[in-house]
S.K.: 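My structure is below; once you've seen it, I'll send some questions.
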Protein chains: 2
Amino acid sequence: MSSHTPIGRKVTLNDIAAGCDVSRATVSLVLRGSPLVHKLTRARVEEELRRQGYVYNRAAANLRRRSSSSIALILNDLANPFFAEFAAGVDEALGAAGFVTLLGCTGESAEREQAVLGSLLEHGPGGIILSPAEHSNAHDVLAVVGKRAPLLLFNRELGGALPEFAHWDQLMLDNQRGARLATEHLIARGHQRIAFFGGHQDSSSCRQRHAGYVEAMRAAKLRIEPDWRIECAPTRLDAAHRTSALFDATHVPTAAVCYNDAVALGLMLGLHQRGLRPGRDFALTGFDDIAEAALGMPPLTTMSTAPHERGRQAAQLVLQRLQQPQAASRQTIAPVQLVVRESSCPPPNA
Amino acid sequence: MSSHTPIGRKVTLNDIAAGCDVSRATVSLVLRGSPLVHKLTRARVEEELRRQGYVYNRAAANLRRRSSSSIALILNDLANPFFAEFAAGVDEALGAAGFVTLLGCTGESAEREQAVLGSLLEHGPGGIILSPAEHSNAHDVLAVVGKRAPLLLFNRELGGALPEFAHWDQLMLDNQRGARLATEHLIARGHQRIAFFGGHQDSSSCRQRHAGYVEAMRAAKLRIEPDWRIECAPTRLDAAHRTSALFDATHVPTAAVCYNDAVALGLMLGLHQRGLRPGRDFALTGFDDIAEAALGMPPLTTMSTAPHERGRQAAQLVLQRLQQPQAASRQTIAPVQLVVRESSCPPPNA
DNA sequence: AGTTACATTTGGATCGTTCTAATCAGGCAA
DNA sequence: TTGCCTGATTAGAACGATCCAAATGTAACT
C-alpha cells in the first residue's frame with residue numbers, strides 16, 4: 001500500500017483532496033480532528049490518507065501557525081552517564097507531549113556552545129534546555145539566544161553577571177544540602193577528620209558541594225585542615241592519581257566526601273593501589289548515584305539525583321514556560337537523597 | 001543591539017529588505033553568499049542583518065527547497081554508555097556538516113519505536129539512523145518509514161525477513177571476528193576450558209559473537225561443553241547473579257568470553273563474591289571497551305569498538321546516501337580491536 | 001544613436017500547511 | 001415568498017524562504 005508512493009514526490013494535502021474530491025481545507029480539518037466535518041466525508045478522507053500513505057508535514061504547519069514542535073537540548077558532555085540519563089528523561093517527556101528533541105553536544109567548549117546554539121536556533125525550537133559548558137558565560141549566551149526562545153538552565157550556573165532583563169528559568173541540584181547530608185552521615189558514623197575530595201574550584205556545583213561540607217563540619221564543631229581539600233578533574237583517572245595527596249596531609253583523614261561518583265570510584269581505585277580497603281580502612285561518599293555506584297567494590301554510599309527524573313522535570317518546566325511565556329522566571333532546586341551503602345564505614349579504630 | 005528585537009515578532013527577510021531598501025530576493029542572495037550581489041549592497045545588507053538581529057529560518061527554506069537539514073537518530077537505550085558515546089559522535093559529525101540531530105529514544109520497546117519513527121518522520125528528516133529495539137521487525141519498520149527517508153541500520157539486525165525492495169544501509173560491528181580474536185587470545189594464554197558468558201540468544205549480536213567463539217574453539221580443536229553457554233540479560237546485575245552457573249558445569253571452565261563489558265564486570269563481581277580473584281584465579285574478556293573497562297579491578301581485556309568513531313562513521317554514511325540516493329545499498333562492517341589488559345591471565349595451574 | 005554585453009536587481013509564483021471569511025444547501029418560522 | 005439560522009464546505013491569502021524569468025542600469029562597441 002504505502003509502497004505505491006511515487007518515489008521522489010511526497011504526498012500532500014492537495015493530493016488527498018484531489019483523491020477524494022474535497023478541498024484542501026477540509027482535509028486539513030480532518031487531520032486536526034475538527035468536529036466541523038461530516039462523519040461521512042471524514043471517513044472518506046481518512047481512507048484516502050491511508051491509501052496514499054500520507055505523512056503530516058509539521059514544518060509547513062509550524063511555519064503557517066508560527067508555532068514550534070521542538071525543544072533544543074544542549075549538553076556539555078553526553079558521554080557522561082549522568083547527562084545521558086538526563087537526556088533520555090527529557091526525550092521521554094517531550095515525546096509524550098508531542099515535541100521532538102533537537103540534540104546538541106558542546107564537549108565542554110564554550111565556543112562550540114555558541115555555534116551549536118546558533119545552529120539550533122535556526123530550526124526555530126520552542127525552547128532550550130542548556131547544561132552549559134565549563135567556561136560558558138551569561139553575556140555570550142544572551143547575545144545569541146536573546147529573546148528568540150525561552151531558556152532553561154540546567155545543572156550549572158553561567159559565568160559572568162546575568163543581565164537582569166534575561167530572566168531564564170533554572171533547574172539545579174541541591175548540591176549544598178546533598179554534601180551536607182553526606183558529611184553529616186560520616187560524622188554520625190564517628191568520623192572526625194573528613195576531607196573534601198575532587199572537582200574544580202571554578203565549577204559552581206563543586207563550590208556548592210564544598211560549602212555543604214563546610215557547613216556540616218562547622219555545625220559539628222569539627223576542625224577543617226586546609227590540606228583536606230584536594231582538587232582534581234571530575235574523572236576516575238585523575239582522582240585515582242590524586243589519592244596520595246590525602247595521605248600527605250599533616251593530619252591524615254579517615255574519610256572523604258567526594259565531589260561525585262566518578263571521583264569516588266577513582267579514589268577507591270587509588271586506595272586499593274595503596275593497599276587500603278575502601279569501606280573498611282577508609283570511608284567515602286559520592287554524588288550522583290550513577291549505575292556503577294551500586295555495583296562498586298564495595299557499593300558506594302552516595303547522593304541520588306535521579307537524572308532520568310530530572311530530565312522529565314526539565315522538559316515539564318520548558319513546556320510550562322511555553323504555555324505561559326510571561327510568567328515570572330522560576331528557580332527550581334531539585335532535592336537529592338542520601339543512599340547509604342557499604343563504602344561509608346565507621347573509622348577503623350572505633 | 002539584538003535586545004531591541006520586538007518581543008513577539010521575528011525578524012524576516014522582508015524586514016531586512018525594507019530596512020535597507022533592496023528586494024527580498026537580494027537579501028536572500030546575500031545570505032547564501034551568492035557572487036551576484038554587488039560588494040556595496042552586500043555590506044549594507046549584512047550590516048542591517050546584524051542590526052536587526054536576524055536569524056535564518058531553516059524550516060521555511062527547507063519547505064521551499066524541498067530539502068532537509070536534519071537527521072533522525074533513534075536509539076534503543078541512551079542510558080547505555082556505548083550508545084551515549086555513539087550519539088555524541090553522530091551529533092559531532094552531523095553538526096560539522098550543518099545538520100541537526102533529531103533524537104528519539106525507544107527504551108527497547110518496538111511499540112515506542114513505531115511511534116517515535118512516525119513522529120520524527122513528520123519533521124521531515126533527510127535520513128534516519130536506527131539502532132533497533134530488541135524485538136523490532138523489518139516489516140513494521142518498513143510500513144512506517146517506506147521510502148520517505150533513507151535508513152541506516154546500526155548495531156543490530158531487524159527481526160523478520162527483509163523485503164527485498166527495502167534496500168537499507170547497514171553499519172554493524174564485526175562481532176564474530178571480535179569474539180574469535182578474544183577466544184584465540186585466551187587459547188594462546190593456555191586456556192582449554194573456555195565458556196561463553198551472557199547475552200540473549202535472540203539478539204543478533206550475541207549470536208554472532210557466540211559464532212566467533214565457536215569458530216576459534218573448533219579451529220583449536222577444543223571441546224565445547226553445552227553447559228558452557230550461559231545466558232543472562234546484558235547487565236552487570238544479572239551477570240553477577242548468574243556467575244554460579246559457570247561452576248555448576250560438569251567440567252568447570254578456567255576462562256570465559258563475555259558477551260560485553262557490562263556482563264564481564266558483573267561476572268568479576270560475582271567471582272569476587274565467591275572468593276575468586278578475576279585476572280588471577282579466573283580469566284575473562286569483555287566486548288565494547290567502555291570507559292570503566294580500563295579502570296576495573298583488574299583492568300579488563302576487551303574488544304574496542306570505538307563508539308564515538310562509529311557515530312561519526314554512521315553520520316558520514318547517511319550523508320553520503322543523501323548525496324547519492326540511488327547508489328546501491330551498503331553493508332559496512334566496522335573492525336574491532338583486541339585490547340589486552342590484566343583480566344586475561346593464564347590458567348592458574350600453568 | 002543603436003545595439004550588444006554584462007553585471008545587478010527584482011516581482012511574483014511556489015513549497016505544504018492553516019486561517020478567515022465567505023459560500024452553499026437545506027430546514028423552519030413568519 | 002422571504003428571511004434567518006445551522007451545519008458543512010471552500011477559495012484565497014497568509015507564513016518565510018527560494019527560484020525563475022524578466023527587468024534594470026551601465027559601459028562598450030559599432
Side-chain angles (χ1 to χ4, degrees), chain A residues 5-6 8-46 48-49 52-70 98 121-126 148, chain B residues 5-6 8-46 48-49 52-70 98 121-126 148:
Chain A
T5 313
R9 252 180 61 71
K10 282 180 181 164
V11 182
T12 79
L13 281 197
N14 277 320
D15 301 321
I16 305 300
C20 57
D21 212 47
V22 293
S23 79
R24 200 166 61 244
T26 307
V27 182
S28 176
L29 290 175
V30 169
L31 282 180
R32 286 172 291 158
S34 159
L36 287 174
V37 293
H38 192 92
K39 218 175 164 182
L40 253 64
T41 41
R42 148 161 300 130
R44 245 170 58 227
V45 169
E46 278 172 346
E48 187 70 10
L49 286 168
Q52 298 203 31
Y54 171 81
V55 329
Y56 190 65
N57 184 334
R58 222 167 263 279
N62 283 332
L63 176 58
R64 174 64 236 249
R65 303 182 47 190
R66 288 142 150 238
S67 64
S68 171
S69 56
S70 62
L121 272 174
E122 295 186 348
H123 291 85
R148 287 176 260 270
Chain B
T5 314
R9 253 180 61 71
K10 282 180 182 166
V11 182
T12 79
L13 279 199
N14 278 319
D15 300 322
I16 304 299
C20 55
D21 214 47
V22 293
S23 79
R24 201 169 55 250
T26 307
V27 183
S28 176
L29 290 175
V30 169
L31 282 179
R32 286 172 292 156
S34 160
L36 288 176
V37 292
H38 192 92
K39 218 176 167 183
L40 252 65
T41 41
R42 150 161 299 131
R44 247 172 55 228
V45 169
E46 277 173 347
E48 187 69 11
L49 287 167
Q52 297 203 32
Y54 171 81
V55 328
Y56 189 66
N57 186 333
R58 224 167 263 279
N62 282 334
L63 175 58
R64 177 62 236 256
R65 305 181 48 191
R66 287 138 154 249
S67 64
S68 171
S69 56
S70 61
L121 272 174
E122 295 187 348
H123 290 85
R148 285 174 263 270

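Lettering follows sequence order; numbering is per chain, from 1.
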S.K.: Just the rounded figure in Å: distance from P of C:dC19 to CG of A:Asn62.
M.R.: 11 Å
S.K.: Describe the nucleic acid contact of A:Arg24 in one word from base, sugar-phosphate, nothing, applying a heavy-atom distance below 4.0 Å.
M.R.: base
S.K.: Please name the residue in the list A:Ser69, A:Ser68, A:Ser67 that meets the side-chain contact (heavy atoms from CB on, under 4.5 Å) test with A:Arg65.
M.R.: A:Ser67
S.K.: Grab the CG-C1' distance between A:Leu31 and C:dT18 for me, whole Å please.
M.R.: 11 Å
S.K.: Starting at CZ of A:Arg44, measure out to CD1 of A:Ile16 and round the result to the nearest 0.5 Å.
M.R.: 12.5 Å
S.K.: At under 4.0 Å, does any side-chain N or O of B:Arg66 touch on OP1 or OP2 of C:dG16?
M.R.: yes
S.K.: Let's test your reading of the model: under 3.5 Å, does the base of C:dT14 pair with the side chain of B:Arg64 as donor and acceptor?
M.R.: yes
S.K.: Which of these nucleotides, D:dG16, C:dT9, D:dA13, is closest to any side-chain atom of B:Leu36?
M.R.: C:dT9
S.K.: Indicate whether OP1 or OP2 belonging to D:dA8 is found under 4.0 Å from a side-chain N or O atom of A:Thr26.
M.R.: no
S.K.: State which of C:dT17, D:dC19, D:dA11 makes the closest approach to the side chain of B:Ala25.
M.R.: D:dC19
S.K.: Whole angstroms only, please: what is the NE2-P distance between B:His38 and D:dA27?
M.R.: 11 Å
S.K.: If you look at every heavy atom in A:Tyr56 and A:Leu31, which pair is closest and at what distance?
M.R.: CD1-CD1, 4.0 Å
S.K.: What is the distance, to the nearest angstrom, from the CZ atom on B:Arg65 to the P atom on D:dG16?
M.R.: 19 Å
S.K.: Just N and O in the side chain of A:Ser28: are any of them under 4.0 Å from OP1 or OP2 of C:dT18?
M.R.: yes
S.K.: From the list C:dG16, C:dT18, D:dT9, which nucleotide is the closest neighbour of the side chain of A:Leu13?
M.R.: C:dT18
S.K.: Nearest to the side chain of A:Ser23, heavy atoms from C-beta on, is which of D:dA11, C:dT9, D:dT18?
M.R.: D:dA11
S.K.: What are the two closest heavy atoms between A:Thr41 and A:His38, and how far apart are they?
M.R.: OG1-O, 2.8 Å
S.K.: If we count only N and O atoms by modelled type, under 3.5 Å, do the side chains of A:Arg24 and A:Ser28 hold a donor and an acceptor together?
M.R.: no
S.K.: Rounded to whole Å, how long is the line connecting atom CG of A:Leu63 with atom C1' of C:dT18?
M.R.: 10 Å
S.K.: Hey, is the side chain of A:Thr12 poking within less than 4.0 Å of OP1 or OP2 on C:dC15, counting only N and O atoms?
M.R.: no
S.K.: Could you tell me the separation between the CZ atom of A:Arg42 and the P atom of D:dG7, rounded to a whole number of Å?
M.R.: 15 Å
S.K.: Just how far, in rounded Å, is P of D:dT10 from CG of A:Asn14?
M.R.: 13 Å
S.K.: Rounded to whole Å, please give me the gap between CG in A:Leu29 and P in D:dT10.
M.R.: 10 Å
S.K.: Check every atom of C:dG16, C:dC19, C:dT10 against the side chain of A:Arg32 and return the nucleotide holding the closest atom.
M.R.: C:dC19
